[in-house]
Participant: 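Sharing a structure with you now.
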Amino acid sequence: MSQKIRWGILGLGKIAHKFASDLQLSETAILQGVASRSIEKASDFATTYHAKKAFSSYEALVKDDEIDIVYIATPHALHFENTMLCLQHKKAVLCEKPLGINLTEVQQMIAKAKAQNVFFMEAIWTRFMPSFQKVHELLNENAIGEIISIRADFGFQTPFQPESRLFNKKLGGGSLLDIGLYPIFLSLSVLGMPSNIDASARFTETGVDSFCAMLFDYENGQKAVLESTFEVDTPTEAYIFGTKGVIKLHRRFHEANTVSLIKNNEETVFELPHAGIGYIHEIEAVNSCMLAGETENPKLPLEFSLQLMTIIDKVKSKIGLQYIV
Ligand SMILES: NC(=O)c1ccc[n+]([C@@H]2O[C@H](COP(=O)([O-])OP(=O)(O)OC[C@H]3O[C@@H](n4cnc5c(N)ncnc54)[C@H](OP(=O)(O)O)[C@@H]3O)[C@@H](O)[C@H]2O)c1
């Protein structure tokens with residue numbers, strides 16, 4: 001492998017632009033190639049972000065020997081197919097969240113990555129944000145005592161467009177998979193696996209959830225109250241309540257620049273701005289693993305992604321959401 005990690009990007013939509021913009025900030029990465037179903041789109045994207053090559057198909061990109069790792073930025077329902085294509089060609093993969101649309105897909109993807117002995121990770125950028133490191137630090141210092149509960153929401157109002165990836169069931173639409181994943185990610189990071197899951201949802205006419213409320217119970221009595229919605233703008237904040245205080249991740253908590261520690265009615269505010277658009281932290285974490293020849297990132301191991309999808313599948317089953325594959 002060369003000293004710089006040579007990245008490829010599959011699917012040149014909204015998030016691919018943000019990711020490519022932050023990739024330019026890295027001194028250990030270069031954008032080797034980008035692939036779209038349209039060569040014009042790939043060429044324009046390559047020009048904007050100084051990619052060395054533009055490909056007119058995903059297949060052509062994965063066959064290129066000069067690409068070390070592929071960032072998959074397609075809609076959820078295509079993550080399985082696109083990841084497997086990369087893994088078959090022994091490419092390392094950073095795949096956008098959620099890794100798949102059900103646990104079976106995620107299990108198969110992880111098994112394939114392990115069999116091919118290549119790096120594989122779910123692109124949960126929040127895990128690498130300075131604000132999230134601060135939360136871990138505060139918890140490790142026992143700053144809020146015993147944790148009692150977590151409350152987190154993620155909601156924005158968006159018009160109903162049946163064909164868009166947010167509402168189209170064939171593309172893995174619905175608030176749970178798209179943004180409900182972040183409150184669940186927080187609860188799993190802090191409290192681990194719940195012992196019981198309850199959930200209630202409202203569905204669109206396309207058969208996906210536009211609102212999902214979740215209540216998780218834990219063996220020792222802890223609780224998590226979580227929500228996702230495309231129907232209204234919600235605070236999109238997260239709180240970890242303890243016996244001695246509260247940690248607050250400010251809006252929008254999945255990309256927070258501010259964390260508060262509230263104790264005895266006094267608030268200590270930590271300003272922790274992320275670099276770039278925020279993706280650079282995850283990019284550098286992946287580059288370090290790639291340069292060290294590691295196949296997983298210890299901060300976001302594949303076991304975590306398995307647990308995350310196990311929880312999501314249980315919520316899906318509670319609300320009666322099933323994707324046809
Ligand atoms: N980490 C984050 O902060 C974050 C934020 C937003 C989204 N995401 C994740 O990123 C993924 C993509 O989201 P996005 O908002 O970038 O979506 P998007 O704007 O719709 O882009 C998705 C791209 O996938 C490709 N694609 C391939 N087959 C497609 C099909 N049948 N229908 C539509 N597009 C298809 C297209 O690229 P080509 O035409 O170039 O092939 C399209 O531009 C999602 O899984 C989402 O969860 C993550």
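Numbering of ligands and ligand atoms starts at 1, following listing order.
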Participant: Here's one to test your reading of the geometry: is the NZ or CZ of Lys134 within 45 degrees of the ring axis of Phe270 and under 6.0 Å from its centre?
Facilitator: yes
Participant: Counting heavy atoms only, which part of Lys14 comes closer than 4.0 Å to ligand 1: side chain, backbone, both or neither?
Facilitator: both
Participant: Under the criterion ring pair (Phe, Tyr, Trp, His ring centres under 6.0 Å), which of Phe167, Phe154, Phe203, Phe211 is the partner of Phe230?
Facilitator: Phe167
Participant: Considering Lys97, Lys41, Glu96, His17 one by one, which has a heavy atom nearer to atom 42 (C) of ligand 1 than any of the others?
Facilitator: Lys41
Participant: For a 4.5 angstrom cut-off between non-hydrogen side-chain atoms, does Phe185 reach Phe132?
Facilitator: yes
Participant: With heavy-atom distances below 4.0 Å as the criterion, list the atoms of ligand 1 near Tyr182.
Facilitator: 1 (N), 2 (C), 3 (O)
Participant: Is there a side-chain contact between Met84 and Lys112 in this structure, where contact means two heavy atoms from C-beta onward sitting under 4.5 Å apart?
Facilitator: yes
Participant: Nearest protein heavy atom to atom 11 (C) of ligand 1, by residue and atom, and its distance?
Facilitator: Thr74 O, 3.3 Å
Participant: Under a 3.5 Å threshold, yes or no: a donor from one side chain and an acceptor from the other, between Ser131 and His274?
Facilitator: no
Participant: Considering only heavy atoms of Tyr58, which atoms of ligand 1 have at least one such atom less than 4.0 Å away?
Facilitator: 25 (C), 26 (N), 27 (C), 37 (O), 38 (P), 41 (O)
Participant: Ignoring angles and geometry beyond distance, decide whether Leu12 reaches within less than 3.5 Å of ligand 1 through its nitrogen or oxygen atoms.
Facilitator: yes
Participant: Give me the nearest non-hydrogen protein atom to atom 16 (O) of ligand 1 as residue plus atom name, then the distance to 0.1 Å.
Facilitator: Ile15 N, 2.9 Å
Participant: Please compare Ala73, Ala77, Ser36 and report which has the shortest non-hydrogen distance to atom 23 (C) of ligand 1.
Facilitator: Ala73
Participant: Is it the side chain (CB and beyond), the backbone, both or neither of Leu10 that lies under 4.0 Å from ligand 1, heavy atoms counted?
Facilitator: neither
Participant: Is it true that Lys53 and Glu66 make a salt bridge, defined as a side-chain N closer than 4.0 Å to a carboxylate O?
Facilitator: yes
Participant: Check ligand 1 against Tyr279 and write out every atom of the ligand that is under 4.0 Å from a heavy-atom position of the residue.
Facilitator: 1 (N), 2 (C), 3 (O)
Participant: Does any N/O atom on Gly13 come nearer than 3.5 Å to any N/O atom on ligand 1?
Facilitator: yes
Participant: Have a look at Glu255, Glu81, His79, Arg165 and point out the one with the heavy atom closest to atom 17 (O) of ligand 1.
Facilitator: Arg165
Participant: Going by the atom numbers of ligand 1, which of them fall below 4.0 Å from some non-hydrogen atom of Leu78?
Facilitator: 27 (C), 28 (N), 29 (C), 30 (C), 31 (N)
Participant: With heavy atoms of Pro75 as the reference, note each atom of ligand 1 found under 4.0 Å away.
Facilitator: 22 (C), 24 (O), 26 (N), 33 (C), 34 (N), 35 (C)
Participant: Could you identify the single nearest non-hydrogen protein atom to atom 29 (C) of ligand 1 and state the distance to 0.1 Å?
Facilitator: Arg37 NH1, 3.2 Å
Participant: Apply the side-chain contact (heavy atoms from CB on, under 4.5 Å) test between Asn82 and each candidate in Val70, Val93, Thr74, Val62; give the one that qualifies.
Facilitator: Thr74
Participant: So, for Ala201 and Asp209, which heavy atoms are closest and what is the spacing to 0.1 Å?
Facilitator: CB-CB, 4.2 Å
Participant: Can a donor-acceptor pair be found between the side chains of Trp7 and Asn287 at a distance below 3.5 Å?
Facilitator: yes
